[in-house]
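Positions are given from 1 along the sequence.
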Amino acid sequence: QAQLVESGGGLVQAGGSLRLSCAASGRTFIGYTMGWFRQAPGKERDFVAAITWSGRGTRYADSVKDRFTVSRDNAKNTMYLQMNSLKPEDTGVYYCAATTVIALTDGVRDYNYWGQGTQVTVSS
């Protein structure tokens, strides 16, 4: 059964850092693009970052470019999101997702599998 589980969320002051992890089940996600999305209260779920299966290709939303770094360790079946210089507007529930539909897609509807999310709160 395919499964994604996020962890690493929490409360941090503006300017601080967090590293999120997304653990995938076994070899189920070989060949998948994986991505991170976030959703603030009352807002749409927005694209944050994506990474190809090989890890050689990445894509970022303009709002997080140069602050966030997505990576993956396929030997550990885990994807990461290193978040630096956090801002209050980064607050939201962060979800990891996986897809084979389109490489590095930023479309919510293109992703086949989703985790349950982890809360990130950035205080000022």
**Q.** By side chain to side chain contact (heavy atoms under 4.5 Å, CB included) - contacts of S7 (at least two apart)
**A.** S21

Q | Qualifying side-chain hydrogen bond (donor to acceptor under 3.5 Å, both in side chains) pairs, either residue in residues 49-58, two or more places apart | A | T52-S54

**Q.** side chain to side chain contact (heavy atoms under 4.5 Å, CB included) involving N84 - partner list, sequence neighbours excluded
**A.** S17, Q82

Q. Which residues satisfy the side chain to side chain contact (heavy atoms under 4.5 Å, CB included) test with S71, sequence neighbours excluded?
A. Y80

Please table the atom pairs, donor to acceptor, closer than 3.5 Å between any side-chain atom in residues 96-104 and protein atoms at least two apart or in another chain.
residue, atom, partner, partner atom, Å
T99, OG1, V101, N, 3.0
T99, OG1, D110, O, 2.5
T99, OG1, N112, OD1, 3.1

Q: First locate atom OH of Y113, then atom OH of Y32, and finally report the distance between them rounded to the nearest 0.5 Å.
A: 4.0 Å

**Q.** Pair listing, salt bridge (charged side-chain N to carboxylate O under 4.0 Å, His left out) test, anchored in residues 69-89, at least two apart
**A.** none

Q: Kindly state each residue pair satisfying disulfide (SG to SG under 2.5 Å) with at least one member in residues 48-81, sequence neighbours excluded.
A: none

Q | Results of side-chain hydrogen bond (donor to acceptor under 3.5 Å, both in side chains) for R67 - residues two or more places apart only | A | D90

Listing, residues 116-124 side-chain donor-acceptor contacts under 3.5 Å, not counting sequence neighbours, or none:
residue, atom, partner, partner atom, Å
T118, OG1, G9, N, 3.2
Q119, NE2, T121, OG1, 3.3

Q. From E44 CD over to Q39 CD, what is the distance, rounded to the nearest 0.5 angstrom?
A. 8.5 Å

Q: Taking the side chain as every heavy atom from C-beta outward, state whether F68 and L86 have any atom pair closer than 4.5 Å.
A: yes

Q | Qualifying disulfide (SG to SG under 2.5 Å) pairs, either residue in residues 49-86, two or more places apart | A | none

Q. How many angstroms lie between atom CG of D106 and atom OG1 of T33, to the nearest 0.5 angstrom?
A. 11.5 Å

Q: Evaluate the side chain to side chain contact (heavy atoms under 4.5 Å, CB included) criterion for residues L20 and E6: first the C-alpha distance (whole Å), next the side-chain angles of each, then the deciding distance (0.1 Å), finally the verdict.
A: CA-CA 7 Å; L20 305 184; E6 304 93 337; over 6 Å; no

Q: Share the residues that join F37 in a hydrophobic cluster, the rule being Ile, Leu, Val, Met, Phe, Trp or Tyr side chains under 4.5 Å apart at the heavy-atom level.
A: F47, V93, Y95, V108, Y111, W114

Q. How long is the span from the CG atom in L81 to the CE atom in M34, to the nearest 0.5 Å?
A. 11.5 Å

